[in-house]
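The model shown is predicted, which means the values in this text are computed figures rather than measured ones. Hydrogens, waters and symmetry mates play no part in the numbers below; they use all other heavy atoms, side chains included.
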Amino acid sequence: MASLLLAVIYLAFISLGLPDALLGAAWPTMSRDLGAPVSWMGGISMVISACTIVSALLSDRVTLRFGAGRVTAVSVGLTAAALYGFSVAPNYWTLIAIAVPYGLGAGGVDAALNNYVAIHYESRHMSWLHCMWGVGASIGPYVMGFALSGGQGWGWGYRYIAILQVALTVVIVLSLPLWKSRAVAGAADGGVSASGSAGDGASAPARKPLGLKGVLAIRGAKEILIMFFCYCAIESTAGLWASSYMVIHEGVDRTAAASLASLFYVGITVGRALSGFMTMRFDDPTMIRIGQVVLVVGVILIALPLPGIWGTVAGLVTVGLGCAPIYPCVIHSTPAYFGEENSQAIVGVQMASAYVGSLAMPPLFGLIAQYMTISLYPFYLLAFLVLMVWMHERLRVKRG
């Protein structure tokens, strides 16, 4: 039963990644069809991120009440409905409205699943599960590219992913008895279930929610929150603007750029598969530092004026490889740094902090691209990387 539940969690992580790269891959075509300026993609990503912040901050309370299994099922279903809404949206403002349930669904499942895995599985499983997120994020742009190249339009690209999400929702719903059995076993062993409650929504919470104020009072919490802000600013900006950067800065065809941009997520996926094996030798802080060094190399490759498009493509893949170990290893280290009793609340606020990075930083770069130059793309990524490295070393001093 435990192995079957792990397989379901793998599928859930795939569902997390499927829609994440769609907007960036499709936007050069969507903006033309909808008559929206290039920078307006930032408005959609801001609404999605704002709603994920809300659901992530509520994740401790909601997961305690309903359990990780139910939260995951409802969240994936909500995302599927929003993706179908995107596929039939007639204008930009409809996309803005549909972005609300899109973000609420993403934030709830992200926080619940990450804490669940951080507590109950080893670091290699966290890396491999996030590799599954990368599988989903890599599939998304290819599906969109298939729809665009086949003349079906970006609407069908979203529709295909919505169908996959519906299928995954059905699988998760059918698996709910497994989540409940695991929760009961956790409660029998230690009084609190694997999802952080006394059961999977079947009984009262074993503790009260910690809350934002309680999280911020913990030594080292501010540093890890800023780390997440910086990491998500790097990953979301790199992914969202890769296609537009190649179209505007490199002169690449829109359809080709949509497919090439997916290589960033391929880098993350391959990197997390390798990271799972590397965590058997290196601890989480070392893996984070390795990722940061690789990130520097990738940003330099993008910034160098190499001939042709392949220097930029190699840089995007390398940036993806550098991103690979950072996110899962920071999440996995959270219970060790702050205690299992605090981890669900802290992971929820970590997710919220990360989504603040997604909300504010890609749109800010959109303004830079529109009113200055999109050529600043690699230097923008580098600024957040420097701040992330500094915060990680401060965290190690305070909690190491």
**Message:** I'd like to know whether L23 forms a side chain to side chain contact (heavy atoms under 4.5 Å, CB included) with M30, so could you lay out the CA-CA distance, the side-chain angles of the two residues, the decisive distance to 0.1 Å, and finally the verdict.
**Reply:** CA-CA 9 Å; L23 182 61; M30 291 176 68; 4.3 Å; yes
**Prompt:** OH of Y84: more than 12 outside heavy atoms within 6.0 angstrom?
**Reply:**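 Not buried by this count: 12 neighbours or fewer within 6.0 Å.
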**Over 12 foreign heavy atoms within 6.0 Å of CZ, F146** = no
Could you see if [X] belongs to whatever hydrophobic cluster contains [Y]? Use Ile, Leu, Val, Met, Phe, Trp, Tyr and a side-chain cutoff under 4.5 Å.
X: I374; Y: L306; result: yes
X: V170; Y: V74; result: no
X: I224; Y: V397; result: no
X: L367; Y: I234; result: no
X: W93; Y: W27; result: yes

Give me the atom names and distance for the closest heavy-atom approach of [X] to [Y].
X: A238; Y: L381; result: N-CD2, 4.0 Å
X: P378; Y: I302; result: CB-CG2, 3.9 Å
X: P101; Y: A97; result: CD-O, 3.6 Å
X: Y160; Y: A147; result: CE1-CB, 4.4 Å
X: R70; Y: L176; result: N-CD2, 3.7 Å
X: C232; Y: A354; result: CB-O, 3.0 Å

Considering only distance and modelled atom types, tabulate donor-acceptor pairs under 3.5 Å from the side chains of residues 384-393, sequence neighbours left out.
unit_1: E393; atom_1: OE1; unit_2: R289; atom_2: NH2; d: 3.0
unit_1: E393; atom_1: OE2; unit_2: R289; atom_2: NE; d: 3.1

Decide yes or no for [X] and [Y]: does some side-chain heavy atom of the first lie under 4.5 Å from some side-chain heavy atom of the second?
X: P37; Y: S31; value: no
X: S236; Y: M361; value: no
X: W241; Y: I368; value: no
X: L83; Y: L22; value: yes
X: H332; Y: T279; value: no
X: Y102; Y: C51; value: no
X: I326; Y: L295; value: yes
X: F228; Y: V347; value: no

**Asked** Is the gap between the ring centers of Y327 and H130 under 6.0 Å?
**Response** yes
**Prompt:** Taking the six-membered ring for Trp, are W40 and Y92 ring centroids under 6.0 Å apart?
**Reply:** yes
**Message:** Which label fits Y380 and F365: parallel for a plane angle under 30°, tilted from 30 to 60°, or perpendicular past 60°?
**Reply:** tilted
Value rounded to 0.5 Å, distance of [atom1] in [X] from [atom2] in [Y]:
X: L113; Y: Y10; atom1: CG; atom2: OH; value: 13.0 Å
X: M132; Y: R272; atom1: CE; atom2: CZ; value: 11.0 Å
X: I288; Y: C329; atom1: CD1; atom2: SG; value: 6.0 Å
X: E223; Y: L225; atom1: CD; atom2: CG; value: 9.0 Å
X: L321; Y: L316; atom1: CG; atom2: CG; value: 11.0 Å
X: S243; Y: I248; atom1: OG; atom2: CD1; value: 9.0 Å

**Message:** With no hydrogens and no angle check, just 3.5 Å: does a side-chain donor-acceptor pair link Y337 and R396?
**Reply:** yes
Using a 3.5 Å distance criterion without hydrogens, assess whether the side chain of [X] forms a donor-acceptor pair with backbone atoms of [Y].
X: R399; Y: G220; result: no
X: T334; Y: I331; result: yes
X: T94; Y: A89; result: no
X: S175; Y: I172; result: yes
X: W154; Y: M144; result: no
X: S127; Y: R124; result: no
X: T269; Y: Y265; result: yes
X: S55; Y: T52; result: yes

**Item:** Pairs satisfying salt bridge (Lys or Arg N to Asp or Glu O under 4.0 Å), at least one member in residues 25-42, at least two apart
**Value:**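 Qualifying pairs: none.
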**Trace of the side chain to side chain contact (heavy atoms under 4.5 Å, CB included) decision for D284 with V330** = CA-CA 7 Å; D284 289 328; V330 174; over 6 Å; no
